[in-house]
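Below: the structure, in structure tokens.
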Amino acid sequence: MEHIFKMAITITLFLLILIYLLPDDLLPDEIQMRRYDVLRNSQRKSPHIVFILADDLGWNDVGFHEGSEIKTPFMDELASSGVRLDNYYVQPVCSPSRASIMTGLYTSHNGINRYIHPTEPTCLPLHLPTIADSLRQNGYATHLVGKWHLGMSRNNCLPLNRGFDSFFGIYGGSGDYYTHRVHRNAPSGEFSIEGYDFRDNERVARELSGQYATNLYGNRALEIIEQHANNTIQKPLFLFLSMQTPHCPIQAPDGERFLAPYGGIQKERRRLYAAMVSSMDEAIGNVTQSLDKYEMRNNTVIIFSSDNGGKYQYGGNNKPLRGEKHQFYEGGIRAAAFVNSPLLSPTVNGTSYWGLLGAADWHATLVEGVAGGKMTTNQTDGYNMWNVIRLGESSPRSEYLFSVGGDCTWTPTLPFKTQDPNNVPTMYGCIRKGTWKLIIGESRQLNLQSKDAYLRNEHAVSLFNIHDDPYEQSNVLADHQDVFEELLKRLKFHCQTHVKYIPMKEDRNSDPRKRDGVYGPWL
């Protein structure tokens, strides 16, 4: 009898080990879910979080979107074994997207409704806690590698004073990938600024001049992972890898390794752009391999997102979506994104999620959902989407606000017709609600000196059914006046609480040449 009992125990243990080691696709769904529950419940610490943010990456610039000529095998693998977020929105330019990720607020509430120019004395409002503040309060080690671009005019605007334990990268929005120097004209054209922009924490890292930025960011990320794994004080890790790639200037890594696969691309700028994206993809692959090496991957959530759409002028491509960076068409605001983690339910691995999500949701999702912690503020426009993503549940979000401003009391004569000189909109905005999207005052390009954040065609009012017309070919405003009225009411509702747009003020003292040629605080 004892012999039979021991044999039964041995067989049971063998089967359990076999179930744990077999690939998911060889197991029934019920057993997959049980293994997922065991794995998830075995994690005694809050999961590590690696958030990778690309810069100006187009919808058609990644391999996991069919039709792209750019090769991104590491991102493709993560997307195909995770959850693609195919109905996920950001802002049409960089600083606003970053501000929404950091604060969990619409730009109408955090005040960053355009990109921050390096000559202006402003930054992400200091009273707003960042996602790094919240995660650090919940026991996380927090690190920012790459681009900040949320203001640098004062010391308390900088990453080390906004919740991050360490910072390695650039304060501004762009720079030469090798020299790390930046020359910018003031929007007024009355003066220019120039200097070096690369910091290791607060120290000016001049020794890094000549080294390619993407490589620097990738290597520092590897160092952080290694140091974290070997640290005797075990905290969960939050690594915000905010890539500069593929924002202009368009500069490929030295050598032919990344350029060679794209010899068939005729346009040089597109060819260089593709090489830049491939180098970023390799850096991302190195990060995931490092997480595997130090046995952190099983308890890590990886998020990937672009901050806005690509810019055709600089080699980006958003096809088949309409529009590009700076615009509220889908090509400017629907971002390539995915989540990958062993903590996702096996039933969602390899799927595309089409529920509505946006950049403002990450704060609550990562702090309350992934970390299981508490927010440092009750002021939020975001939802905790962790169960939505990891289990495939329905999204609680029915609308997403991109922009609003102007005269909040504007009441058009109905039926409303575009190009009616007696019925010109005096407010502007963009909102997605259900399958519908309304744009009032079509954005064309940034204009930092105007009363609004964008140059606008004041007569342009567009209504699109994104479900039926995902490429925004048909303005159906004339046929759906009831929908126009409903979405206009929602814009006017949000308009009552929006932070009023303040035109940019240039400051000549921002010029780094007045401070040893280095970008940084001047107030």
Side-chain angles (χ1 to χ4, degrees), residues 36 40 43 45-54 78-79 82-91 96-107 109-110 128-140 142 144 163-164 236-242 299-307 333-345 348-349 351-402 432:
Y36 156 74
R40 185 167 182 270
Q43 312 302 336
K45 297 186 292 291
S46 295
H48 306 298
I49 301 169
V50 177
F51 196 122
I52 304 167
L53 188 65
L78 290 170
V83 178
R84 272 176 36 179
L85 306 179
D86 284 340
N87 198 21
Y88 161 75
Y89 286 98
V90 291
Q91 292 295 317
S97 290
R98 284 166 168 72
S100 285
I101 291 170
M102 285 290 158
T103 65
L105 295 171
Y106 294 139
T107 59
H109 289 150
N110 63 40
L128 297 176
T130 69
I131 192 171
D133 287 318
S134 295
L135 287 171
R136 185 157 70 176
Q137 181 174 293
N138 284 280
Y140 275 72
T142 57
L144 170 56
F164 288 99
L237 169 68
F238 174 53
L239 172 59
F240 190 60
L241 182 51
S242 179
N299 195 31
T300 296
V301 176
I302 299 173
I303 301 102
F304 175 84
S305 169
S306 181
D307 64 345
I333 57 177
R334 196 195 293 191
F338 61 76
V339 176
N340 181 284
S341 175
L343 304 180
L344 299 176
S345 167
V348 302
N349 289 336
T351 63
S352 295
Y353 185 75
W354 285 92
L356 186 60
L357 297 94
D361 294 319
W362 289 121
H363 196 149
T365 298
L366 299 186
V367 176
E368 294 182 338
V370 175
K374 294 182 179 180
M375 303 271 282
T376 56
T377 177
N378 293 323
Q379 184 182 6
T380 182
D381 293 313
Y383 292 86
N384 176 2
M385 297 287 193
W386 181 226
N387 282 345
V388 168
I389 295 169
R390 74 180 181 91
L391 300 176
E393 294 180 355
S394 297
S395 172
R397 181 178 285 288
S398 62
E399 71 176 29
Y400 198 85
L401 177 70
F402 300 98
R432 168 85 189 264

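Everything numeric in this text was worked out from a predicted model, so none of it was measured.
- What you find for Pro96 and Thr107 is that their closest heavy atoms are CB-CG2, 3.6 Å.
- A search for ring pair (Phe, Tyr, Trp, His ring centres under 6.0 Å) contacts involving His109 returns nothing, not counting sequence neighbours.
- Here CD1 of Ile303 is found 12.0 Å from CG of Leu241. Values are rounded to the nearest 0.5 Å.
- Formation of a donor-acceptor pair under 3.5 Å by the Thr142 side chain with backbone atoms of Arg136 is not found in this model.
- Residues Ser306 and Ala335 approach most closely at O-CB, 3.6 Å, considering heavy atoms.
- Using bins of under 30°, 30° to 60° and over 60° for the plane-to-plane angle, the ring pair Phe402/Tyr89 lands in the perpendicular bin.
- Atom OG of Ser352 and atom CG of Leu85 lie 9.0 Å apart (nearest 0.5 Å).
- Rounded to the nearest 0.5 Å, atoms CG (Leu356) and OG (Ser394) are 12.5 Å apart.
- When side chains are defined from C-beta on, Leu135 counts as touching Val367, because their heavy atoms get closer than 4.5 Å.
- Taking every heavy atom of both residues into account, Pro396 and Met385 meet most closely at CD-SD, 3.6 Å.
- Applying the ring pair (Phe, Tyr, Trp, His ring centres under 6.0 Å) criterion to Phe240, with sequence neighbours excluded, gives Phe51.
- With Ser305 contributing its side chain and Leu53 its backbone, the two residues share no donor-acceptor pair below 3.5 Å.
- Taking CD1 from Ile52 and CG from Leu78, the interatomic distance works out to 7.0 Å, rounded to the nearest 0.5 Å.
- The stretch residues 359-376 participates, sequence neighbours left out, in these side chain to side chain donor-acceptor pair (under 3.5 Å) pairs: Tyr88-Trp362, Ser134-His363, Ser134-Thr376, Asp361-Arg397.
- With values rounded to the nearest 0.5 angstrom, Thr300 atom OG1 is found 10.0 Å from Asn340 atom CG.
- Within the model, atoms CD1 of Ile333 and CD of Gln91 stand 7.5 Å from one another, a figure rounded to the nearest 0.5 Å.
- Proximity of a side-chain donor or acceptor of Asn138 to a complementary backbone N or O of Tyr140 within less than 3.5 Å is not detected.
- Contact check for Pro236 versus Ile49: no side-chain heavy atoms found under the 4.5 Å cut-off.
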Applying side-chain contact (heavy atoms from CB on, under 4.5 Å), run through Arg390 and Leu343 and close with a yes or a no.
CA-CA 7 Å; Arg390 74 180 181 91; Leu343 304 180; over 6 Å; no
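- Taking 4.5 Å as the limit, every side-chain heavy atom of Ser100 sits out of range of all side-chain heavy atoms of Val90.
- Tested against Met102 for a side chain to side chain contact (heavy atoms under 4.5 Å, CB included), the candidates Asp133, Ile131, Asn110 yield a single pass: Ile131.
- A donor-acceptor pair under 3.5 Å is formed between the side chain of Ser46 and the backbone N or O of Ala371.
- Leu128 places none of its side-chain heavy atoms less than 4.5 Å from the side chain of Thr377.
- Every residue was checked against the ring pair (Phe, Tyr, Trp, His ring centres under 6.0 Å) condition with Tyr353, not counting sequence neighbours, and none meets it.
- Partners of Phe338 under the ring pair (Phe, Tyr, Trp, His ring centres under 6.0 Å) rule, at least two apart in sequence or in another chain, are Phe64, Phe304.
- At a threshold of 4.5 Å between non-hydrogen side-chain atoms, the residues Asn87 and Leu357 do not count as touching.
- No side-chain heavy atom of Leu401 sits under 4.5 Å from any side-chain heavy atom of Asp381.
- No side-chain heavy atom of Tyr383 sits under 4.5 Å from any side-chain heavy atom of Val388.
- Pairs passing the salt bridge (charged side-chain N to carboxylate O under 4.0 Å, His left out) check and including a residue from residues 97-107, sequence neighbours excluded, read Arg98-Asp307.
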